[in-house]
Amino acid sequence: MSLTRNAGATAVRAANSRWLELLTRAGFVGYGILHLLFAWLALQIAFGHSGEEGNQNGALRTLGAQPLGKFLLVAIAIGMFAMAIWQAFEAAIGHRGLRGRDRLFERIASVVRTVVFGWLAWTAVKVFQDASANAADQQQALTARLMAGTGGRWLVGLAGLVLAAVGVGMIGYGLKKKFERNLKIGQLTPRAHTLARRLGMAGYAARGAVFAIAGLLIVVAAVKYDPAKARGLDAALRILRDQSYGPVLLTLAALGIAAFGVYCFLQSRYRRV
């Protein structure tokens with residue numbers, strides 16, 4: 001029992017590290033920049049002008065091609081790694097202000113965020129090394145390999161359902177304004193609070209919609225045995241563009257993703273870390 005208490009106390013001290021907090025807050029700035037670039041790529045896809053893939057991988061490659069891009073990639077990798085560590089601590093010992101299902105939901109969400117931030121940190125490193133492959137192509141190839149195995153189509157379909165569920169959950173998280181419980185509301189002015197609420201609602205809803213579409217496309221790929229449809233966020237954006245009023249819908253999605261990017265800048269100051 002003593003060892004457990006000591007381990008818990010050590011974890012709490014590590015989670016409350018001032019350096020970890022500063023790096024995490026800087027990471028939110030980088031995360032915001034990535035979403036603004038993601039939104040820009042979505043707009044380019046909406047009007048048929050983008051040869052780059054429409055996802056965070058494409059955003060990192062776009063960033064790396066700019067002046068000082070290599071420096072920014074390193075900074076983002078460090079920030080994303082810090083955010084992954086922070087969310088790992090949150091999953092293990094965090095969200096103590098919540099109870100019951102709310103705390104369980106946030107801890108599960110922290111596990112997902114740990115994976116996402118870790119993957120973004122790794123991708124930033126690979127882009128820095130000029131070794132980043134097309135993520136949409138990789139996902140399609142992985143889906144094809146999985147579907148070739150026994151039970152593979154069921155596994156791919158299940159993964160698609162999980163991703164779609166995450167997207168739907170993200171939409172609900174935004175529309176119900178649950179993100180506000182992670183903000184230091186008392187430090188926000190009434191105008192800043194209103195801005196944060198609107199940006200968060202629009203941002204989470206837009207991201208959730210894109211993730212849900214991507215998940216459904218993976219399910220369709222499994223049902224139709226067509227790995228070409230399982231290309232993640234890039235495929236979701238391009239499928240959305242090809243629908244009736246597609247460019248308009250994709251433009252709205254891009255604006256929502258951009259709103260989330262700006263919301264990340266607010267989080268860098270007012271998020272509970």
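The structure presented is a predicted model; accordingly, all values stated were derived computationally and were not measured. In what follows, every heavy atom counts, from backbone to side chain, and hydrogens, waters and symmetry copies are set aside.
Counting all heavy atoms, side chain and backbone alike, Val210 lies closest to Ala236 at O-CB, 3.7 Å. Residues Ala206 and Ala253 share a closest heavy-atom pair of CB-O, 3.7 Å. When all heavy atoms of Ala254 and Ala42 are compared, the pair lying nearest together is CB-CB, 3.8 Å. Considering every non-hydrogen atom in both Ala59 and Leu41, the closest pair reads N-CD1, 3.5 Å. Between Ala124 and Leu73, the closest heavy-atom pair is CB-O, 3.8 Å. Between Gly27 and Met80, the closest heavy-atom pair is O-CE, 3.1 Å.
A heavy-atom distance below 4.5 Å is not found between the side chains of Ile33 and Phe38. Within the 4.5 Å cutoff, no side-chain heavy atoms of Arg25 are placed close to those of Gln267. Counting heavy atoms from C-beta on, the side chains of Asn182 and Glu106 come closer than 4.5 Å. Side-chain contact between Phe265 and Leu36 is present, with heavy atoms from C-beta onward closer than 4.5 Å. Using a 4.5 Å cut-off on side-chain heavy atoms (C-beta onward), Arg272 and Arg181 make no contact. With contacts defined as side-chain heavy-atom distances shorter than 4.5 Å, the pair Arg18/Leu22 qualifies. Using a 4.5 Å heavy-atom threshold, the side chains of Thr62 and Gln66 count as touching.
Rounding to the nearest 0.5 Å gives a distance of 10.5 Å between OH of Tyr270 and CG of Leu183. Atoms SG and CG, from Cys264 and Leu199 in turn, are 10.0 Å apart once rounded to the nearest 0.5 Å. Remark: Arg241 CZ to Leu250 CG distance equals 8.0 Å, nearest 0.5 Å. The CZ atom of Arg207 sits 11.0 Å away from atom OH of Tyr263, with the distance rounded to the nearest 0.5 Å. The distance from the CD1 atom of Ile45 to the OG1 atom of Thr251 is 11.5 Å, given to the nearest 0.5 Å. Atoms CG and CG, on Leu37 and Leu63 in that order, are 6.0 Å from each other to the nearest 0.5 Å.
Using a cut-off of 4.0 Å between Lys/Arg side-chain N and Asp/Glu carboxylate O, Arg271 and Glu21 are scored as not salt-bridged. Remark: Arg107 does not engage Glu90 in a salt bridge, criterion side-chain N to carboxylate O under 4.0 Å.
For Arg269, the CZ atom is loosely surrounded, since the number of other residues' heavy atoms within 6.0 Å does not exceed 12. Within a 6.0 Å radius of CZ in Phe81, no more than 12 heavy atoms belonging to other residues, nucleotides or ligands are found. No more than 12 heavy atoms of other residues, nucleotides or ligands sit less than 6.0 Å from atom CZ of Arg198. For Lys184, the NZ atom counts as densely surrounded, since its 6.0 Å shell holds more than 12 non-hydrogen atoms of other residues, nucleotides or ligands.
Cluster annotation: Phe89 and Leu98 are assigned to distinct hydrophobic clusters (Ile/Leu/Val/Met/Phe/Trp/Tyr, side-chain heavy-atom contacts under 4.5 Å, transitive). Note on Phe28 and Leu72: same hydrophobic cluster, where clusters join Ile, Leu, Val, Met, Phe, Trp and Tyr whose side-chain heavy atoms are under 4.5 Å apart, directly or indirectly. Linking ILVMFWY side-chain heavy atoms closer than 4.5 Å, directly or via other members, places Ile185 and Met201 in a single hydrophobic cluster. Val74 and Leu34 fall within the same hydrophobic cluster, where Ile, Leu, Val, Met, Phe, Trp and Tyr residues are linked whenever their side-chain heavy atoms come under 4.5 Å apart, directly or through other members. Placement of Met170 and Leu216 in two distinct hydrophobic clusters is found when ILVMFWY residues are connected by side-chain heavy-atom separations under 4.5 Å, directly or transitively.
Ring pair Phe117/Trp122: centre-to-centre distance not below 6.0 Å. Taking the six-membered ring for Trp, Phe260 and Tyr204 have ring centres closer than 6.0 Å.
When atom types are taken as modelled, the side chain of Thr114 and the backbone of Ala88 share a donor-acceptor pair closer than 3.5 angstrom. In this structure, the side chain of Lys70 engages the main chain of Phe128 through a donor-acceptor pair within 3.5 Å. A donor-acceptor contact shorter than 3.5 Å is absent between the side chain of His95 and the backbone of Ala91. Arg191 places no side-chain N or O within donor-acceptor distance of the main-chain N or O of Leu188, the cut-off being under 3.5 Å.
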